[in-house]
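What follows is a short report on a single structure.
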Amino acid sequence: MTSLLRVNPQTVHPPIATYSHVVCVPQTARRVVFAGQVGVRLDGSIVDDAEGQVVQVVTNLNALLAHQGLGAAHIVRMTVYLTDSALLPLWQKHRPALIGEYAPASTLVYVAGLADERLKIEVEMEAAG
């Protein structure tokens with residue numbers, strides 16, 4: 001398994017949430033980039049409620065990781081897009097089911113909207129393994 005080095009240098013503030021300031025990827029690692037995932041089920045339907053969408057995003061990303069033979073330890077970075085700050089506690093509640101004990105580099109952005117007005121969350125991810 002490729003070991004990612006997660007670093008939080010003392011020359012910057014400590015992370016204010018579960019993330020790392022720096023994640024170093026060995027040159028021998030295979031880089032895998034995942035498209036942004038939203039609250040859409042396997043059948044193409046959009047989950048109605050916000051918490052259900054968060055759970056579906058985590059489910060989709062875990063399925064994509066598994067398809068590539070990867071897991072939480074391989075996640076290098078994530079960008080999370082939320083349409084409302086009230087969704088943050090839901091993301092924080094369900095994020096451990098994706099990242100486990102690991103702290104990837106991460107950015108969270110509040111946006112006015114996503115590709116479909118019914119969507120509340122989108123998460124992009126990169127992994128290495």
Side-chain angles (χ1 to χ4, degrees):
M1 178 171 126
T2 300
S3 293
L4 302 177
L5 177 61
R6 300 167 201 282
V7 183
N8 293 303
Q10 293 181 349
T11 53
V12 296
H13 63 85
I16 59 173
T18 306
Y19 67 88
S20 297
H21 283 297
V22 179
V23 179
C24 300
V25 179
Q27 283 186 322
T28 57
R30 173 180 61 116
R31 180 178 177 217
V32 183
V33 179
F34 300 94
Q37 294 299 302
V38 293
V40 176
R41 298 178 188 96
L42 185 58
D43 67 5
S45 63
I46 296 176
V47 178
D48 292 329
D49 67 296
E51 185 162 16
Q53 285 193 26
V54 172
V55 170
Q56 189 64 53
V57 165
V58 169
T59 299
N60 292 349
L61 288 168
N62 277 323
L64 292 172
L65 282 166
H67 182 268
Q68 294 299 307
L70 303 172
H74 298 97
I75 301 171
V76 175
R77 67 176 308 278
M78 298 185 312
T79 303
V80 179
Y81 302 94
L82 299 175
T83 59
D84 187 330
S85 61
L87 300 170
L88 182 58
L90 294 175
W91 171 244
Q92 291 171 325
K93 175 182 173 183
H94 295 286
R95 179 181 55 192
L98 176 62
I99 67 171
E101 65 187 72
Y102 302 97
S106 183
T107 300
L108 187 138
V109 182
Y110 295 112
V111 296
L114 296 166
D116 183 303
E117 65 184 22
R118 296 172 291 172
L119 297 173
K120 306 297 181 198
I121 180 173
E122 184 166 350
V123 179
E124 302 178 318
M125 190 170 69
E126 291 188 34

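Here, residue 1 is the first one in the sequence, and each next residue gets the next number.
Summarising the geometry of H13 relative to I16, their closest heavy-atom pair is ND1-CG2, 4.4 Å, with the distance given to 0.1 Å. Between L98 and A72, the shortest heavy-atom distance links the atoms O-CB, 3.3 Å. Taking both residues in full, the closest heavy atoms of H21 and P9 are given as CB-CD, 4.3 Å, listed atom of the first, atom of the second, then distance. Considering every non-hydrogen atom in both A103 and S20, the closest pair reads O-OG, 2.5 Å. The two residues Q53 and V47 have their closest heavy-atom pair at NE2-O, 3.0 Å.
Separation of atoms OG (S3) and CZ (R6) is listed at 9.5 Å; rounding is to 0.5 Å. A distance of 9.5 Å separates CD of E126 from CZ of F34, quoted to the nearest 0.5 Å. In this structure, CG on L70 lies 12.0 Å from CG on L61, to the nearest 0.5 angstrom. The CD atom of E122 sits 11.0 Å away from atom CG of L82, with the distance rounded to the nearest 0.5 Å.
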Checklist entry - Would L119 and I46 count as a side-chain contact (heavy atoms from CB on, under 4.5 Å) if you check the C-alpha gap in whole Å, the side-chain angles of each, and the deciding distance to 0.1 Å? => result CA-CA 8 Å; L119 297 173; I46 296 176; 3.9 Å; yes

Next on the checklist: side-chain contact (heavy atoms from CB on, under 4.5 Å) for L65 and M125? Distances and angles first, verdict last.
Outcome noted: CA-CA 10 Å; L65 282 166; M125 190 170 69; 3.6 Å; yes

Item to check | Q56/Q37 under side-chain contact (heavy atoms from CB on, under 4.5 Å): CA gap, chis, key distance, verdict | outcome: CA-CA 9 Å; Q56 189 64 53; Q37 294 299 302; over 6 Å; no

Checklist entry - Going through the distances and angles, do D116 and R118 end up as a salt bridge (Lys or Arg N to Asp or Glu O under 4.0 Å)? => result CA-CA 5 Å; D116 183 303; R118 296 172 291 172; 2.9 Å; yes

Item to check | Full working for side-chain contact (heavy atoms from CB on, under 4.5 Å) between H74 and Q68 | outcome: CA-CA 11 Å; H74 298 97; Q68 294 299 307; over 6 Å; no

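Panel note: side chain D84, backbone K120; no donor-acceptor pair is recorded below 3.5 Å. Side chain of N8 to backbone of P15: no donor-acceptor contact under 3.5 angstrom is found. A donor-acceptor pair is defined here as one N or O able to donate and one able to accept, closer than 3.5 Å; no such pair exists between the side chain of T107 and the backbone of T79.
Tracing side-chain contacts under 4.5 Å through hydrophobic residues (I, L, V, M, F, W, Y), one never reaches V33 starting from V25; they form parts of separate clusters. V38 and Y110 are not part of a single hydrophobic cluster, where members link through side-chain heavy atoms under 4.5 Å apart. Follow the hydrophobic side-chain contacts under 4.5 Å out from L87 and you never reach Y19; the two are in separate clusters. Cluster annotation: V111 is not connected to W91 through the hydrophobic network of ILVMFWY side chains, with a link wherever side-chain heavy atoms come within less than 4.5 Å. Follow the hydrophobic side-chain contacts under 4.5 Å out from L64 and you reach I75 in the same cluster.
Side-chain contact check for T18 versus P104: every heavy-atom pair is 4.5 Å or farther apart.
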